[in-house]
Amino acid sequence: MTTPATRHRVWRVGDDVDTDQLAPGAYMKFGIEEIARHCLQGVRPEFASSVRPGDVLVAGSHFGIGSSREQAAAALVHLGVAAVIAPNFNGLYFRNAFNVGLMLVTCERAAELQEGESVTLDLPGRRVLRADGDALPCAEVPGFLLDMVRAGGLMNLLKRRLADGSLARHPLRA
């Protein structure tokens, strides 16, 4: 039995979205729930209160620039964002995102996706599918990163592998 592909509503932001926009410094002394309430408030004031679980964030170039704060990715996970789709990502943000279980999809043509449209992520096929049938090619997401996202982050994956004994057999591989 096959299940229908999950559709995701698109939220758009532009280029150079930095970690301070995702997790504002003024709220870093609080927990992730409070930080998430202020996610993107400077560029999309309605985002944190209106985004729904399963929605995707589509960004321009250089998403996640700035500091190494992992709360910038964790805030999106807390809000239920299914993925961030962008042409490229800051390296530290990339690592932090997968470590906390946030899917990042590198897609050169991300700018073609429109606010509010519905898309499907076809990760095995390395593409984002639009409702009109157009398919945008994307970079492959390696299996070990998919495993991290499915587990809810690196720590959850390591705990699962430690419990089932697979960590000893393959400590760093999928």
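Note that the numbering runs from 1 along the sequence shown for the chain. Side-chain atoms are counted along with the backbone in the values below, which use heavy atoms only and exclude waters and symmetry mates.
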#### Entry: Pairs flagged by ring-ring contact (aromatic ring centres under 6.0 Å, His included) wherever residues 26-45 is involved - sequence neighbours left out
Tyr27-His38
Are [X] and [Y] side-chain neighbours, meaning at least one heavy-atom pair lies under 4.5 Å?
X	Y	result
Val128	Leu121	yes
Val13	Gln21	no
Asp18	Asn90	no

Co-membership, hydrophobic cluster, residues [X] and [Y], 4.5 Å side-chain:
X	Y	value
Leu102	Leu146	yes
Phe47	Ile35	no
Leu157	Leu123	yes
Leu22	Met28	no
Val43	Leu113	yes

When rounded to the nearest 0.5 angstrom, what distance separates [atom1] in [X] from [atom2] in [Y]?
X	Y	atom1	atom2	value
Leu154	Met148	CG	CE	5.5 Å
Ser50	Arg52	OG	CZ	6.0 Å
Arg150	Met103	CZ	CE	7.0 Å

Is a side-chain donor or acceptor of [X] paired with a backbone partner of [Y] at a separation under 3.5 angstrom?
X	Y	result
Asp15	Ser61	yes
Arg109	Pro137	no
Arg130	Leu136	no
His8	Gly54	yes
Glu34	Gly31	no

### Query
Which residues satisfy the ring-ring contact (aromatic ring centres under 6.0 Å, His included) test with His62, sequence neighbours excluded?
none
Can you give each donor-acceptor pair under 3.5 Å made by side-chain atoms of residues 68-83, sequence neighbours left out, with the distance rounded to 0.1 Å?
{"from": "Arg69", "atom 1": "NE", "to": "Ser67", "atom 2": "OG", "distance (Å)": "3.1"}
{"from": "Arg69", "atom 1": "NH1", "to": "Asp20", "atom 2": "OD1", "distance (Å)": "3.0"}
{"from": "Arg69", "atom 1": "NH1", "to": "Ala23", "atom 2": "O", "distance (Å)": "2.5"}

Are there over 12 heavy-atom neighbours, none belonging to [X], within less than 6.0 Å of that residue's [atom1]?
X	atom1	result
Arg95	CZ	no
Glu33	CD	no
Arg37	CZ	yes

### Message
Using side-chain contact (heavy atoms from CB on, under 4.5 Å), reason through Phe89 and Thr106 one step at a time and then give a plain yes or no.
### Response
CA-CA 8 Å; Phe89 298 91; Thr106 304; 3.6 Å; yes
At their closest point, which heavy atom of [X] faces which heavy atom of [Y], and how far apart are they?
X	Y	value
Arg160	Ala151	NH1-CB, 3.9 Å
Ala110	Ala86	CB-CA, 4.0 Å
Ala26	Lys29	O-CE, 4.2 Å

### Query
Which of these, Asn88, Val58, Leu57, Asp16, sits in a side chain to side chain contact (heavy atoms under 4.5 Å, CB included) with Phe63?
Leu57
### Task
Decide yes or no on side-chain contact (heavy atoms from CB on, under 4.5 Å) for Tyr93 and Ile65, but give the supporting numbers first.
CA-CA 7 Å; Tyr93 188 86; Ile65 58 174; over 6 Å; no
### Task
Could you walk me through whether Leu104 and Leu145 pass the side-chain contact (heavy atoms from CB on, under 4.5 Å) test, one step at a time?
CA-CA 10 Å; Leu104 300 184; Leu145 294 178; over 6 Å; no
### Message
Between Val56 and Val84, is the side-chain contact (heavy atoms from CB on, under 4.5 Å) condition met? List the steps.
### Response
CA-CA 6 Å; Val56 295; Val84 179; over 6 Å; no
